[in-house]
Asker: 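My questions will all concern the structure given below.
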Amino acid sequence: QVQLVESGGGSVQAGGSLRLSCETPIYINDRQCLAWFRQAPGKERELVATLATNGGRTEFADSVKGRFTFSRDTVKNTMYLQMNSLKPEDTAMYYCAALAPSRTMWYCPFSLRPSEFPYWGQGTQVTVSS
């Protein structure tokens with residue numbers, strides 16, 4: 001399984017910020033979906049944000065909307081999740097993911113399931129204390 005390479009997790013107090021990075025050493029075309037998921041202990045992996053490489057449109061879970069931003073640097077082949085105003089309920093392992101380049105997607109619906117993503121980062125822990 002191709003690994004994406006994550007970094008940037010850590011521990012912060014509520015209200016703080018973190019930026020997660022994910023290097024994508026795979027071919028990314030302009031009709032593909034990139035995503036960030038998170039998984040808290042005892043819970044299912046949930047979709048946090050998506051980015052459509054066709055136009056850069058981003059979508060966010062309601063729980064993070066207005067606090068997280070998803071961006072991508074095509075020169076560095078890296079995507080980022082900027083997390084501001086962090087809350088204790090944001091505590092989880094965060095994973096970056098990418099759909100296969102062969103699966104053409106003009107936009108990224110929030111119905112995408114983890115099983116649909118063949119490429120994953122190793123995960124990075126984010127812990128927010130109150």
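It should be emphasised that the depicted structure is a prediction, and the values quoted were computed from it without experimental measurement.
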Asker: Is the number of heavy atoms from other residues, nucleotides or ligands within 6.0 Å of NZ (Lys65) greater than 12?
Answerer: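 Enclosed: over 12 neighbouring heavy atoms sit under 6.0 Å from NZ of Lys65.
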Asker: Output the distance between atom SG (Cys22) and atom CZ (Phe70), rounded to the nearest 0.5 Å.
Answerer: 8.0 Å
Asker: Taking atom CG of Leu86 and atom CZ of Phe68, what is their separation to the nearest 0.5 Å?
Answerer: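 Leu86 CG to Phe68 CZ: 5.0 Å, rounded to 0.5 Å.
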Asker: Run the salt-bridge test on Asp90 and Lys87 with the 4.0 Å N-O cut-off and return the result as yes or no.
Answerer: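 Looking at Lys87 together with Asp90, the answer is no, because their closest N to O distance does not fall below 4.0 Å.
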Asker: Between Thr78 and Ser21, does a side-chain contact (heavy atoms from CB on, under 4.5 Å) hold up when you go through it step by step?
Answerer: CA-CA 7 Å; Thr78 301; Ser21 299; 4.2 Å; yes
Asker: Under the criterion side-chain contact (heavy atoms from CB on, under 4.5 Å), I'd like the reasoning laid out for Met105 against Leu112: C-alpha separation, chi angles, the key distance, then a yes or no.
Answerer: CA-CA 11 Å; Met105 300 286 286; Leu112 289 170; 4.1 Å; yes
Asker: Before you tell me yes or no, could you show the steps for Val64 and Arg38 under side-chain contact (heavy atoms from CB on, under 4.5 Å), namely the whole-Å CA-CA distance, both residues' side-chain angles and the distance that decides it to 0.1 Å?
Answerer: CA-CA 12 Å; Val64 306; Arg38 68 185 180 186; 3.8 Å; yes
Asker: Would you give me the side-chain donor-acceptor pairs under 3.5 Å for residues 4-18, sequence neighbours excluded?
Answerer:
{"unit_1": "Glu6", "atom_1": "OE2", "unit_2": "Cys96", "atom_2": "N", "d": "3.1"}
{"unit_1": "Glu6", "atom_1": "OE2", "unit_2": "Gly123", "atom_2": "N", "d": "3.0"}
{"unit_1": "Ser17", "atom_1": "OG", "unit_2": "Asn84", "atom_2": "OD1", "d": "3.0"}

Asker: If you round to the nearest 0.5 Å, how far is CG of Leu51 from CZ of Phe60?
Answerer: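 The CZ atom of Phe60 sits 8.0 Å away from the CG atom of Leu51.
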Asker: Does the Thr124 side chain pair with the main chain of Tyr94, one donor and one acceptor, at a distance under 3.5 Å?
Answerer: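 No: the side chain of Thr124 does not pair with the backbone of Tyr94.
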Asker: Can a donor-acceptor pair be found, under 3.5 Å and without considering hydrogens, that links the side chain of Thr53 to the backbone of Gln32?
Answerer: yes
Asker: Please answer whether the main-chain N or O of Ser85 pairs with a side-chain N or O of Arg67 as donor and acceptor at a distance below 3.5 Å.
Answerer: yes
Asker: Quick one: pull up CD in Glu46 and CD in Gln39 and give me the separation to the nearest 0.5 Å.
Answerer: 9.5 Å
Asker: May I ask you to decide if the ring planes of Phe37 and Phe117 are parallel, tilted or perpendicular, using 30° and 60° as cut-offs?
Answerer: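 Judged by the thresholds at 30° and 60°, the geometry between Phe37 and Phe117 is perpendicular.
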Asker: Just how far is it from atom SG of Cys108 to atom CG of Leu34, taken to the nearest 0.5 Å?
Answerer: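 Cys108 SG to Leu34 CG: 7.0 Å, rounded to 0.5 Å.
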Asker: Ignoring hydrogens, what is the shortest heavy-atom contact between Ala92 and Ala40? Give both atom names and the distance.
Answerer: CB-N, 3.9 Å
Asker: Rounded to the nearest 0.5 Å, how far apart are OG1 of Thr58 and OH of Tyr107?
Answerer: 15.5 Å
Asker: Okay, side chain of Thr91, backbone of Val128: is any donor-acceptor separation there less than 3.5 Å?
Answerer: yes
Asker: Tell me the closest heavy-atom pair linking Pro101 and Tyr119, and the distance in Å.
Answerer: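 Heavy atoms of Pro101 and Tyr119 come nearest at CD-CE1, 3.7 Å.
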Asker: Do Leu47 and Tyr80 share a hydrophobic cluster, counting only Ile, Leu, Val, Met, Phe, Trp and Tyr and linking them when any side-chain heavy atoms are less than 4.5 Å apart?
Answerer: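 No, no single cluster joins them.
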